[in-house]
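Just so you know, these numbers use all the heavy atoms, side chains as well, and skip hydrogens, waters and symmetry mates. Chain A is the first sequence line, chain B the second, and so forth, proteins listed ahead of strands; every chain is numbered from 1.
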Amino acid sequence: MEFTRPRGTRDFLFDEMRQRSEAENTLREVFENYGYGEVKTPLFEELKLFTTKSGEEIIDQLYNFKDKSDRELALRPEVTAAISRLYINEMSKTAKPIKLYYYGSCFRYERPQKGRFRQFWQFGCELIGAKSPEGEGEVISMANESIIKLGITTAEIHINHLGIIRGLFEHFGIDKEKSREVMVVVDKGDKQLLEDALKGDEPIIDNEELADILLVLIDMVGDSSIFEDIKNLVFDYEECRTALDELQELITTLKSFNVLNYNINLGVARGLDYYTGIVFEIYVPELGSQKQVCGGGTYSLIKLFGGEDVVSTGFAFGFDRLMDAIEACGNLPTVKPKVDVYVAPISDDTRQLSYTIAQNLRCENIKTEIDLSRKKFKKLLSYANNLGVRFTVLVGSKDVENNQVTIKNMQTGYQELIDIDNILSYIKENL
RNA sequence: GCCGGGGUAGGGUAGGCGGUCAUCCUACGGGACUGUGGAUCCUGUGACUCGGGUUCGAAUCUCGGCCCCGGCCCCA
């Protein structure tokens, strides 16, 4: 083969595309039921937009380039930054809260593996300018509903409030740099690793009391009842109380939204400063090492980009992983044949009439295919068979002399003579 | 960036201790067969990922590239 696909990219063929469209429509429906409107932003942006959000280091993982006027650009690695930019550019005076969603591909220069590609699709939303616990509650509820409607039955939602651990850092006077380092370790969710990092030979922070609390906290994963344990552990540290209150309220709100199947998990962490409140992730364990299908939280990116301080909550689904998850749960929709009726001219002199018959069917939204390559009789049926159509309309001169055609049910093999004028009604009745 | 397993017609595969024509299924073309024939039979086109090395001879052994699969790292 002369040309190959670029590494980490995929071609999608008919069946897979139909399954993906179906999932896409399901998500659109859910998001729009919650009052979200779709937006679309460019596939590429100024490189600066992404480095401002995530630091210079991400250039390693970007597809960036200079255009012919020497502008530094990059293919977007995610959409949240673009949405914040769009908000500042066009929507800062729009009545809040603003609810928008997006679907599109993103690009990252990474080593491809299962559930990870260089071009991949994200389906996400942003809720801009809502009050915290209720906005977060609704957003999580929407994510939860999406997962359920897609047929993903084994998903786990993990929620954390970064204010708790941040409050502890503040209380113990830990600087930003060290806090971030600890966060990174906490995020790995490995207790032994954390113990080594805090109490090993070269501890990141030299504080026994904080280390002990963190080591207990990281184990606190469980349903909403675990909140009491967390509260008992950190209530004495004043800096944590706002976060505790917010988390408490979120739990109450989620209950009202009828979301009960989540975990509180202090191990869901983020190193970046713009996260201000809750963060959450959704895992589908069957997917192995790339099991995270969704990530989200509350952040003030807009301020970071030079706008006013408007807090948003949002999340993004890794669309490709959602498809994997649906498959893992055995709930991929079976694809229907893409054509319902095949019109087969079996004599040369009935070809033109066949086109007319096909057009009439198409006018009534019946998916119809007609022979375009002058196939012989046997090939006509064989082709129709491979298409998986329900009916083949055999148009031959002997029948046409009596103003009739033969309609064959391809599943049963049963066929009957039908008046040309009655083709439409016959097919509509039997389809 | 690191570790492992792979790559054979359009799709799916067999073979591989070096040696006739590289296997089978499917799809595609022709025929038995100008309208009952979606079957069956016959037949045709079509492939050893790319490049170097060893060898009289490489799909097979060897090295490297590219790509795929899985695992680590990372994950905005």
Side-chain angles (χ1 to χ4, degrees), chain A residues 1-11 13-15 45 47 49-62 74-84 106-118 120 122 124 184 187-188 190 193 268-275 279 281 287-297 299 301 304 314-316 318 321 342 344-350 373-389 391-392 394-401 404-417:
Chain A
M1 260 303 142
E2 195 70 30
F3 297 109
T4 53
R5 241 181 297 128
R7 187 163 156 80
T9 62
R10 291 156 294 164
D11 295 314
L13 302 188
F14 307 124
D15 288 355
E45 295 273 355
L47 174 64
L49 183 71
F50 304 118
T51 52
T52 302
K53 176 169 184 249
S54 312
E56 294 290 326
E57 316 83 62
I58 53 145
I59 291 180
D60 291 348
Q61 289 166 82
L62 287 179
L75 297 183
R76 63 185 185 193
E78 46 95 24
V79 186
T80 303
I83 299 291
S84 303
C106 301
F107 304 82
R108 295 183 188 179
Y109 192 86
E110 291 185 293
R111 175 110 174 39
Q113 58 180 281
K114 184 182 184 175
R116 174 182 287 184
F117 303 94
R118 288 184 172 183
F120 59 98
Q122 286 201 338
V184 169
D187 189 43
K188 292 188 200 298
D190 183 332
L193 220 63
V268 178
R270 297 280 151 90
L272 295 160
D273 294 333
Y274 51 77
Y275 286 97
V279 291
E281 295 178 348
L287 299 186
S289 75
Q290 310 297 328
K291 64 177 182 176
Q292 190 185 329
V293 298
C294 177
Y299 35 81
L301 246 195
L304 183 69
F315 67 83
R321 292 184 189 176
Y342 187 67
I346 56 180
S347 330
D348 279 335
D349 55 355
T350 56
S373 50
R374 307 196 176 186
K375 286 186 199 306
K376 291 191 185 158
F377 197 83
K378 172 187 174 153
K379 297 288 179 187
L380 286 169
L381 276 186
S382 154
Y383 186 77
N385 198 37
N386 286 342
L387 273 181
V389 294
F391 293 102
T392 297
L394 299 164
V395 189
S397 46
K398 282 181 196 164
D399 301 340
V400 168
E401 276 169 25
Q404 290 183 312
V405 294
T406 302
I407 298 185
K408 184 171 188 118
N409 181 321
M410 296 303 280
Q411 267 105 60
T412 61
Y414 173 77
Q415 61 184 44
E416 60 184 306
L417 279 168

Q290(A) and Q113(A) side chains, donor-acceptor separation under 3.5 Å:
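Side chains of Q113(A) and Q290(A): pair found under 3.5 Å.
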
If you find the nucleotide of RNA chain B closest to R321(A) and the one closest to F117(A), which residue's nucleotide is nearer the 5' end?
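Result of the comparison: F117(A).
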
Quick one: on RNA chain B, does V400(A) or Q411(A) contact a more 5' nucleotide (nearest heavy atom)?
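The residue closer to the strand's 5' end, by nearest nucleotide, is V400(A).
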
Check for me whether R118(A) meets the cation-pi criterion with F107(A), that is, NZ or CZ under 6.0 Å from the six-membered ring centre and within 45 degrees of the ring axis.
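No, R118(A) does not sit over the ring of F107(A).
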
Side-chain N or O of S289(A) closer than 4.0 Å to phosphate OP1/OP2 of rC72(B)
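Yes, within the criterion.
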
Does K376(A) put a side-chain nitrogen or oxygen below 4.0 Å from OP1 or OP2 of rG31(B)?
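So the side-chain polar atoms of K376(A) do come within 4.0 Å of the phosphate oxygens OP1 or OP2 of rG31(B), strictly under.
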
Can you tell me which stems RNA chain B forms, taking runs of 3 or more consecutive Watson-Crick or G-U pairs with both distances under 3.5 Å?
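The stems that RNA chain B takes part in, listed by first number, are B:1-7 with B:66-72, B:10-12 with B:24-26, B:28-32 with B:40-44, B:49-53 with B:61-65.
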
Quickly work out the E416(A) CD to rU36(B) C1' distance and round it to whole Å.
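Value for this atom pair: 16 Å.
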
Within the structure shown, what part of the strands sits under 4.0 Å from Y342(A) by heavy-atom distance: base, sugar-phosphate, or nothing?
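No contact at all - Y342(A) keeps every heavy atom at 4.0 Å or more from the nucleic acid.
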
Answer with base, sugar-phosphate or nothing: what part of the nucleic acid does G296(A) contact at a heavy-atom distance below 4.0 Å?
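Nothing, no nucleic acid heavy atom in range.
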
I'd like to know if R111(A) reaches the base of rG70(B) with its side chain, counting only an N/O donor and acceptor under 3.5 Å.
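Result: at least one qualifying N/O pair found.
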
Taking rA47(B) as the reference, what is the distance to rG31(B) when you measure between their C1' atoms (whole Å, please)?
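Those two atoms are separated by 26 Å.
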
